[in-house]
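Presented below is the structure to which this report refers.
By convention in this document, chain letters (A, B, ...) are assigned in the order of the sequence lines, proteins followed by strands, and residues within each chain are numbered from 1.
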Amino acid sequence: MSDAPANPGTAPTAPSDFIRDLVAADLAAGRYSQIHTRFPPEPNGYLHIGHAKSICLNFGIARQFGGLCNLRMDDTNPTKEDLEYVESIMADVQWLIGGWADHCLGFKPKGKTPEAQSVNGQTDYHLAPATGGSADVEPFYASDYFVPLYNFAVQLITLGQAYVCDLSPEDTEKYRGTPDRPGTNSPFRDRSVAENLELFARMKAGDFRDGARTLRAKIDMTSPNIWLRDPVIYRIRHAAHHHTGNTWCLYPLYDFAHCLSDYIEGITHSICTLEFEVHRPLYDWILQSLGLARPLPHQFEFARLNLSYTIMSKRKLLALVNEHLVTGWDDPRMPTISGLRRRGVPANALRTFALGIGVTKFNGVTDVAVLEHALREELNQVALRRLAVLRPLKVVLTNLAPGEVLEFEAGNHPTDPDAGTRKLPFSRELWIEQDDFMDVPPPKYFRLRPGGEVRLKYACIIRCDEVVKDAAGQVIELRCTADLDTRSGGPNSAKKVKGTIHWVSAPHAVAAEVRLYDRLFTEAEPEKDGRDFKSVLNPHSLEVVTAKLEASLAQPESGARFQFERLGYFWPDPVASQPGQPVFLRTITMKDAWTKEAGKV
RNA sequence: UGGCCGAUGGUGUAAUGGUAGCACAGGCGACUUUGACUCGCCUAGUCAUGGUUCAAAUCCAUGUCGGCCAGCCA
């Protein structure tokens, strides 16, 4: 799909924020020679606009400070992860940063895993990104570090800082205590190093069933921070892994794998969301306990994105997909990156949005209008203007002969002459928008009315002489007179009328399916006060119409963005369109002052 | 009622002890062959109470409100 950056000269940049300030300070103090971030999604679902914020933050920092950002699959749980998600994540990330931060994307040579090396007399593991545009590359995988991670765990045992625990999951929970009551030591806490080593090796060898034993960090069961109460760092799972197959039945947990993955990749700034704040002492504890050879990464936390009229939980998004409340992860109503992309949202608009909302530790709700504004701003610059009628009403110009065809020239963009012009046929029978005529108009209605005049954009002014209705009283046709002296370049072209409307010549029009999307939810906070988000789904989030399009829209270039004048921004659906039979999707409506005015009763 | 983290117009953010600014939204106008775009103007804010200071959104204390943490999920 072609989606070249619309305006590469105006690649969005972010204002400074507390994380960028810290990065800049670290660089100024010489703590790192180059900064290195990472984006570490778990491949258990599709990426959404919340991830877009994180992607733009991590890649944006790499871009701004001349560093790199690794894409890493955080895949330590074989029972939840899947190759389908790995592939969608790669596509989404590359699309989002395409033309903006591609040069910062850290991939590794395909198949490469960290090798043991000796640094200052101790065993160390390091895996650097592929350099110089190598062709055969892939994302980093936490699962590529299972061997080093295992060895680090052995080392932790040797240091007396970890032990094999035989407590059942239920007992582990009981011994943990509660936030306001300390835990108690596991009866297995003081096993000898030798016994721990032997047991851990047998865990790896598959001698025990799932859940029979765990490896735990030996920290402090009385800590007020629950994550320091001897957290489990390895569990037994006899399950195939999407990336390592059946090699392992022993898998590390997030807290153990993440900090060490960061270390192995030489990450300097490990940026995550607020809920990991309480894990940071554990992140630091593991790294420090191991006495590692190279500089340690540091974790920083920021508030995840919440958007009004939107839900962001992967689990709930999956429910919408599974229950067929949407057509899939890439349904254009979904807040997923693939949904937004399919809807026609340009990557640049998403970046402008993600970088513009700022980065703080305050958990708020961003108004979806901010996204919509970024979208319209981008699309207004990029989209070619076209005429299309969504809900047609026939107009007969009684002073034109049947079969007579005039031609008018229309600009493709109002402020960009380089976009060129095109010819629009004009004939006795036209389609106009039903909304653009009212039999009994309210005050301040500028469009067509009985006996009234309106300009047809790029053409001329018409007067409505007669309103034809069917037996039910519905308006089915307007009989009008065209004043050809008012055409562009004509003697009376400067004549002013209040309204200008769009139109399409009926015999030349192309009929096509157009899908009109609206917000998925009717409430700004779908889950406010514990409400079920499915109870506030917008029944009108999708409306399908057969529209009348100007002929030039019959074979749209794939990836092209159009403004259907006065209606909104549209593009051909890359999924449903067939050659010569496009299906257009409405990306976003125009800003609409009239609906607001009309609503003022 | 354990710990950690937050709180600035309606919303999101800036001000790093020295004039509370920006964006979105909203309102009014100008322009308009898109009721779009653009432009001008306007509305509206430092959670509370004390303290430190010549000076506090900023530092301190207490309180209030909100978020997160008791997966062998990430």
Side-chain angles (χ1 to χ4, degrees), chain A residues 15-18 21 40-42 44 74-77 79-81 165 167-169 172-173 176-183 210-216 223-229 231-237 251 253-255 257-258 272-281 301 303 308 314 356-374 376-377 380-381 385 387 410-411 414-415 444-447 455-461 486 488 493-502 524 563-568 589-598:
Chain A
S16 81
D17 55 65
F18 77 100
D21 290 347
E42 182 187 14
N44 68 343
D74 205 358
D75 55 351
T76 56
N77 185 348
T79 63
K80 291 196 169 180
E81 296 144 11
C165 180
L167 248 26
S168 68
T172 303
E173 192 182 323
R176 185 159 33 227
T178 58
D180 54 348
R181 260 213 326 242
D210 286 5
R213 288 181 224 262
T214 59
L215 184 72
R216 296 230 251 162
S223 171
N225 182 338
I226 282 169
W227 292 101
L228 261 20
R229 319 238 270 225
V232 174
I233 57 176
Y234 265 93
R235 84 289 223 183
I236 298 169
R237 284 274 178 285
Y251 293 94
L253 275 96
Y254 166 84
D255 288 293
H258 203 93
C272 62
T273 46
L274 252 25
E275 67 269 28
F276 293 101
E277 215 159 15
V278 288
H279 294 240
R280 179 157 26 102
E301 310 87 13
S308 62
K314 273 192 209 173
I357 53 177
V359 180
T360 65
K361 301 187 75 152
F362 175 70
N363 231 314
V365 181
T366 296
D367 192 335
V368 74
V370 179
L371 204 215
E372 294 173 344
H373 177 261
R376 291 190 179 106
E377 188 178 46
N380 179 47
Q381 295 178 56
R385 309 296 128 124
L387 298 185
T415 57
K444 296 189 187 170
Y445 185 79
F446 299 158
R447 287 111 92 152
R455 178 174 284 281
L456 299 180
K457 183 143 194 198
Y458 304 121
C460 62
I461 292 172
T486 60
S488 303
S493 68
K495 179 175 175 183
K496 300 286 180 201
V497 284
K498 263 302 206 184
T500 299
I501 64 172
H502 57 277
Q563 182 195 105
F564 291 179
E565 294 210 37
R566 302 207 308 130
L567 296 172
T589 59
M590 302 292 274
K591 213 169 123 186
D592 178 11
W594 166 242
T595 304
K596 215 179 291 173
E597 178 66 36

Quiz item: Going from CZ on A:R229 to OG on A:S223, what distance comes out if it is rounded to the nearest 0.5 angstrom?
Solution: 6.5 Å

Self-check item: Pairing residues for A:R216 by the salt bridge (Lys or Arg N to Asp or Glu O under 4.0 Å) criterion, not counting sequence neighbours
Solution: none

Quiz prompt | P gap between B:G12 and B:G50, integer Å | solution = 28 Å

Practice problem: Round to a whole Å and report the spacing from CG of A:D21 to P of B:A14. | Solution: 9 Å

Self-check item: Chi class for B:G71: syn within 90° of 0, otherwise anti
Solution: syn

Exercise. Under the ring-ring contact (aromatic ring centres under 6.0 Å, His included) rule, collect the residues that match up with A:F446, sequence neighbours excluded.
Key: none

Practice problem: Determine the Euclidean distance between corresponding P atoms of B:A36 and B:C24; express it in Å to zero decimal places. | Solution: 15 Å

Close N or O pairs between protein and nucleotides 30-33 of chain B (under 3.5 Å):
{"unit_1": "B:U33", "atom_1": "OP1", "unit_2": "A:K496", "atom_2": "NZ", "d": "2.9"}
{"unit_1": "B:U33", "atom_1": "OP2", "unit_2": "A:K496", "atom_2": "NZ", "d": "3.3"}
{"unit_1": "B:U33", "atom_1": "O4'", "unit_2": "A:T500", "atom_2": "OG1", "d": "3.4"}
{"unit_1": "B:U33", "atom_1": "O2", "unit_2": "A:Y458", "atom_2": "N", "d": "2.6"}
{"unit_1": "B:U33", "atom_1": "N3", "unit_2": "A:R455", "atom_2": "NH1", "d": "3.3"}
{"unit_1": "B:U33", "atom_1": "N3", "unit_2": "A:S488", "atom_2": "OG", "d": "3.3"}
{"unit_1": "B:U33", "atom_1": "O4", "unit_2": "A:R455", "atom_2": "NH1", "d": "3.1"}
{"unit_1": "B:U33", "atom_1": "O4", "unit_2": "A:S488", "atom_2": "N", "d": "3.1"}
{"unit_1": "B:U33", "atom_1": "O4", "unit_2": "A:S488", "atom_2": "OG", "d": "2.6"}

Quiz item: For A:R181, which contact category applies under a 4.0 Å heavy-atom criterion: base, sugar-phosphate, or nothing?
Solution: nothing

Quiz item: Which part of the nucleic acid does A:P414 contact within heavy-atom distance under 4.0 Å: base, sugar-phosphate only, or nothing?
Solution: base

Quiz prompt | Distance (rounded to the nearest 0.5 Å) between A:L371 CG and A:S308 OG | solution = 9.0 Å

Quiz item: Can you list the steps and then say if A:L456 with A:I501 is a side-chain contact (heavy atoms from CB on, under 4.5 Å)?
Solution: CA-CA 5 Å; A:L456 299 180; A:I501 64 172; 3.7 Å; yes

Self-check item: Min side-chain heavy-atom separation A:H279-A:N225 under 4.5 Å
Solution: no

Quiz item: Starting at the 5' end of RNA chain B and moving along, which residue's nearest nucleotide shows up first, A:I501 or A:E277?
Solution: A:E277

Quiz item: According to a strict under-4.0 Å criterion, is A:R566 in side-chain N/O contact with OP1 or OP2 of B:G35?
Solution: yes

Quiz item: Can you name the residues that form a side chain to side chain contact (heavy atoms under 4.5 Å, CB included) with A:S493, not counting sequence neighbours?
Solution: none

Self-check item: With sequence neighbours excluded, residues passing salt bridge (Lys or Arg N to Asp or Glu O under 4.0 Å) with A:D74
Solution: none

Please produce a list of atom pairs where a protein N or O lies less than 3.5 Å from an N or O of nucleotides 25-29 of chain B.
{"unit_1": "B:G26", "atom_1": "OP1", "unit_2": "A:K596", "atom_2": "NZ", "d": "2.8"}
{"unit_1": "B:C28", "atom_1": "OP1", "unit_2": "A:K600", "atom_2": "NZ", "d": "3.3"}

Quiz item: From the list B:G35, B:G12, B:C37, which nucleotide is the closest neighbour of the side chain of A:T366?
Solution: B:G12

Quiz item: Looking across every strand, which nucleic acid part, if any, lies under 4.0 Å from A:N44 by heavy atom: base, sugar-phosphate, or nothing?
Solution: nothing

Exercise. For A:E277, enumerate each residue passing the salt bridge (Lys or Arg N to Asp or Glu O under 4.0 Å) test, keeping only those at least two apart in sequence or located in another chain.
Key: A:K361

Quiz item: About how many Å separate OG1 of A:T76 and NE2 of A:H258, when rounded to the nearest 0.5 Å?
Solution: 10.0 Å

Exercise. Can you tell me the distance, in whole Å, between the CG atom of A:N363 and the C1' atom of B:G6?
Key: 9 Å

Quiz item: When we call it a touch if two heavy atoms are under 4.0 Å apart, what does A:I357 touch: a base, just sugar-phosphate, or nothing?
Solution: sugar-phosphate

Quiz item: Taking atom C1' of B:A36 as reference, at what distance in whole Å does atom CD of A:E565 sit?
Solution: 9 Å

Quiz item: Can you check the A:L228 CG to B:G3 P distance for me, whole Å?
Solution: 15 Å

Quiz prompt | Distance between P atoms of B:C41 and B:U46 (Å, rounded) | solution = 24 Å

Exercise. First locate atom CZ of A:R376, then atom NZ of A:K591, and finally report the distance between them rounded to the nearest 0.5 Å.
Key: 8.0 Å

Quiz item: Any stems for RNA chain B, made of 3 or more Watson-Crick or G-U pairs in a row, each with both distances under 3.5 Å?
Solution: B:2-7 with B:64-69, B:10-13 with B:21-24, B:26-30 with B:38-42, B:47-51 with B:59-63

Quiz prompt | Pairwise P distance for B:G18 and B:A23, with rounding to whole Å | solution = 23 Å

Quiz item: What is the distance from CZ of A:F18 to C1' of B:C5, rounded to the nearest Å?
Solution: 11 Å

Quiz item: How far does the P atom of B:A55 sit from the matching atom of B:U19, given to the nearest Å?
Solution: 15 Å

Quiz item: Within this structure, what is the CD1-to-C1' distance between A:I461 and B:U34, rounded to whole angstrom?
Solution: 16 Å

Exercise. Considering only atom P, compute the distance from B:G35 to B:C68 and round it to an integer number of Å.
Key: 45 Å

Quiz item: At what distance, to the nearest 0.5 angstrom, does CG of A:N380 lie from CE of A:M590?
Solution: 7.0 Å

Self-check item: Rounded C1' spacing from B:G27 to B:G9 in Å
Solution: 15 Å

Quiz item: Looking for any heavy atom pair under 4.0 Å, which part of the strands does A:Y445 touch: base, sugar-phosphate only, or nothing?
Solution: base

Quiz item: Is the shortest side-chain N to carboxylate O distance from A:K80 to A:E42 below 4.0 Å?
Solution: no

Quiz item: Roughly, in whole Å, what's the span from CD in A:E377 to P in B:A36?
Solution: 16 Å

Quiz item: What distance, rounded to whole Å, do you find between the two P atoms, one in B:G63 and one in B:G45?
Solution: 29 Å

Self-check item: Euclidean distance, atom CG of residue A:N380 to atom C1' of B:C37 [Å, nearest integer]
Solution: 5 Å

Self-check item: Any residue meeting side-chain hydrogen bond (donor to acceptor under 3.5 Å, both in side chains) with A:N363, in chain and number order, not counting sequence neighbours
Solution: A:N306

Quiz prompt | Sugar-phosphate or base contact per nucleotide [nucleotides 69-74 of chain B; S, B, -; heavy atom under 4.0 Å] | solution = SBSBSB

Self-check item: By salt bridge (Lys or Arg N to Asp or Glu O under 4.0 Å) - contacts of A:K314 (at least two apart)
Solution: none

Quiz prompt | Set of residues satisfying side chain to side chain contact (heavy atoms under 4.5 Å, CB included) with respect to A:T178, sequence neighbours excluded | solution = A:D180, A:R181

